[in-house]
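Only one structure is covered here, and it is reproduced in the block below.
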Amino acid sequence: MRLSELFFSTLRDDPGEAEMPSHRLLLRAGYLRQLGSGIYSLLPLGKRVSDRVEQVVREEINAIGGQEMEMPVVHPAEVWKESGRYFKIGPELVRFKDRGERDMVLAMTHEEVVALLLRDIVQSYRQLPMIVYHFQTKFRDEPRSRGGLIRVREFVMKDSYSCDLDDAGLDVNYKKHYVAYEKIFKRLGLDAIAVGADVGIMGGTGAHEFMVVNDFGEDTLVLCDSCGYADNQQIAIVGKPEPAAEDALPMEDVETPGATTIDALATFMGIPKSKTAKAAFFMTGDDRFVVAIVRGDYDVNETKLVNTVKARRGLRPATVEEIKARGMEAGYGSPIGARDSVVVVDELVMRSPNLVAGANRLGWHVKNVNVPRDYTPDHVAEITNAREGDPCPTCGAPIKLRQGIEVGNIFKLGTDFTNAFGSMYLGEDGERHPIVMGSYGIGLGRNVACIVEAHHDEKGIAWPDEVAPFAAHLVTIGAARDPKVLETAERLHRLAADAGRDILYDDRDESPGVKFTDAELLGMPWILTVSPRSLAAGGIELTRRATGERSTQPIEAVEGYLRSVFPIPIA
RNA sequence: CGGGGCGUAGCGCAGCCUGGUAGCGCACAUGCUUUGGGAGCAUGAGGCCGUCGGUUCGAAUCCGACCGCCCCGACCA
């Protein structure tokens, strides 16, 4: 491919809207252009990278027996009504009407379609197990896209679906995906770690997310260096110190003007935050009022809280009016005297004697509150966030918190969808059973961005061989001065094509500085330089982009590299 | 949806406070010179100053509404 013909353009200055290195570099190097918030075009270079990522995923999913297919982007809403998700999912599911006034949706994912296909096609246990997958555009009207390709509204995802006779079969296919994902991310040059994850509102019996540690990541990971423990903070349950035993003292009101935060309260009272109780107020999607109580030195974990109160449609912070209406006072709140509320108390609070809690009166708190003596919990559960340095649940060493980007997930769906659609098979026992499903996603664009995050320097991108849009970037210097340069470059370009490789050939009449700078920005794994100087030194100069290592090789040797080292198949 | 910021040429920005019909750098076109690290000179093209409305003799500039984009938060099967 001649650079003079490539549809692209590099930018010398960083686009103003880009913050993450991957976003900046993909824009500057001409891989991407933005069309709207969270909506991007892939230019030819970007498309090539995405295709190569796709091919790696395809090979590994094929290797575990996946059968590739393709399912539609636009679905009749009836399908989503039948599974119930039409009503459970909020505005991120795009709904519209077709010309016949029929309700339609843009697919966010394809469990419904698979369950429907299973109902049509699978009759007998002999047809299972199996895995189907496809690469398809998804649209999710995210409340806020961000970070270039990290969180977008329209994106291509590989989603595979395993279909099994029973949970044991599901475990096998789940494990297969787990192992396939490890291979995929390794081949893509990503250090992904599998963390235990929340199963969300769809139920299911287990889930892992594959995470790449990155400061711009949206998830918080709980990691242990000494034993390898790793969970999403949403579900991580770590050790908590045993509070010192004390006799329960009688409650006592105390005036605390202006102490509306735990910090202010602890400072005012001259006590550690661990001697206070923090109240957080929420409304569930089905209009229940929830008071969550954790100790002042911890934060409420909303995922755990959602799961505890089974808030299928999530939680939102309660308003001051809603709090008042239940007999409580924001900033001075506690369940003492509360009404019409679901009271959820963290288990550590149950063990922590004589805490300072809100008096539900402006400017007042209560000392020596003990549960359940002073109020009655509806639920006692572990509902706090793990903190940096807390003891690891498996080995006790201090845990670390890191931000992470989810590059893939695997999810044991179970039978929710197949029950909803009546996707049954007739078993060996002569009975009808629901098919057991798993679903497994990998977002292509997000992976491309994460690869750049992991493989770049100040000058630009440095693609791993496995995903580079071209194996090499051929630069000519002084072609006008020395016809041998042009001749050699043309020959090399042709040789590469003959060898079944395509390389990017900078045939532009630009200064050496411009060509080198662009080559380093675009990030092909090898930069090949042909110039009077290199010819005098015996051939072509090879530079490894990632390391800067250089050597000069005769053209025949470069042909050898093209055949063996550069692993790019012809487009 | 709450908070903050920004919309002026392909990209990065100035001009706005104090109204007088738009400017700089890069990129682009043509010519000459230059050619191992973002070249030089000359000439040139490119803008409904996000949109609509208002104030004014006159609006990129002042006022209002709306739209769009970015960041933080909420959200994230």
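Just so it is clear, the model here is predicted, and its values are computed rather than measured. These numbers come from the heavy atoms of this one structure, side chains and all, not from hydrogens, waters or symmetry mates. In what follows, chains carry the letters A, B, and so on, assigned in the order in which the sequence lines appear, proteins first and then strands, with residues in each chain numbered from 1.
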Looking only at side chains, do Tyr86(A) and Glu78(A) share a donor and an acceptor under 3.5 Å apart?
no
Run the ring-centre check on Phe210(A) versus Tyr178(A) and record whether the distance is less than 6.0 Å.
yes
Rounded distance in Å - CG (Leu35(A)) to C1' (C69(B)):
12 Å
For G47(B) and G23(B), measure between their C1' atoms and round to the nearest Å.
11 Å
From CZ of Arg33(A) over to P of G10(B), roughly how many Å is that when rounded to an integer?
12 Å
To the closest 0.5 Å, what do you measure between NE2 (His75(A)) and CD (Glu112(A))?
8.0 Å
Using purine N1 to pyrimidine N3 plus N6-O4 or O6-N4 for Watson-Crick, or N1-O2 and O6-N3 for G-U wobble, both under 3.5 Å, which nucleotide pairs with G68(B)?
C6(B)
Lys515(A) versus Thr476(A), side-chain donor and acceptor atoms under 3.5 Å
yes
Taking atom P in both U43(B) and C26(B), compute the distance separating them and give it to the nearest angstrom.
15 Å
Is there a salt bridge (charged side-chain N to carboxylate O under 4.0 Å, His left out) between Asp299(A) and Lys278(A)? Walk through the geometry before answering.
CA-CA 8 Å; Asp299(A) 287 323; Lys278(A) 182 188 291 186; 2.9 Å; yes
In whole Å, measure the gap between the C1' atoms of U61(B) and C71(B) for me.
27 Å
Under 3.5 Å, is there any donor-acceptor pair linking the side chain of Asp14(A) to the base of G12(B)?
no
Establish, yes or no, whether the cationic atom of Arg545(A) lies under 6.0 Å from the six-membered ring centre of Trp526(A) and within 45° of the ring axis.
no
A14(B) to G50(B) separation - P atoms, rounded to the nearest Å
14 Å
Pairing nucleotide - U35(B), Watson-Crick or G-U, each distance under 3.5 Å
none
Taking atom C1' in both G38(B) and G25(B), compute the distance separating them and give it to the nearest angstrom.
13 Å
On a whole-Å scale, what distance lies between the C1' atoms belonging to U8(B) and G15(B)?
9 Å
Pairwise P distance for A39(B) and G4(B), with rounding to whole Å
44 Å
Which nucleotide, in any strand shown, forms a Watson-Crick or G-U wobble pair with G25(B), with both distances under 3.5 Å?
C11(B)
Residues two or more places apart in sequence or in another chain: which of them pass ring pair (Phe, Tyr, Trp, His ring centres under 6.0 Å) with Tyr174(A)?
His208(A)
Verdict with supporting geometry, Lys138(A) and Glu154(A), salt bridge (charged side-chain N to carboxylate O under 4.0 Å, His left out)
CA-CA 6 Å; Lys138(A) 318 281 169 181; Glu154(A) 183 184 304; over 6 Å; no
So what's G73(B) paired with, Watson-Crick or G-U wobble, going by both distances under 3.5 Å?
C1(B)
Paired nucleotide for C62(B) [Watson-Crick or G-U wobble; both distances under 3.5 Å]
G54(B)
Review item, nucleotides 70-76 of chain B N/O atoms under 3.5 Å of protein N/O:
residue	atom	partner	partner atom	Å
C70(B)	OP1	Gln34(A)	NE2	2.9
C70(B)	OP2	Ser37(A)	OG	2.9
C71(B)	OP1	Gly147(A)	N	3.3
C72(B)	OP2	Arg144(A)	NH2	2.1
G73(B)	N7	Arg144(A)	NH1	3.4
C75(B)	OP1	Glu302(A)	OE1	2.9
C75(B)	N4	Arg146(A)	NH2	3.3
C76(B)	O2'	Arg151(A)	NH2	2.5
C76(B)	O2	Arg151(A)	NH1	3.1
C76(B)	O2	Arg151(A)	NH2	3.1

Taking protein heavy atoms under 4.0 Å as touching, what does nucleotides 28-50 of chain B look like 5' to 3' if B marks base contact, S marks sugar-phosphate-only contact and - marks none?
-------BBBBS-----------
Take the protein atom CZ of Phe411(A) and the nucleotide atom P of A77(B), then report the distance between them rounded to whole Å.
9 Å
Please report the distance, rounded to the nearest Å, between CG in Asp13(A) and P in G25(B).
13 Å
Complement of G47(B), any strand, by Watson-Crick or G-U distances under 3.5 angstrom:
none
What I want to check is whether the side chains of Thr303(A) and Asp198(A) have a donor and an acceptor closer together than 3.5 Å.
no
What I want to check is whether the side chains of Ser162(A) and His177(A) have a donor and an acceptor closer together than 3.5 Å.
no
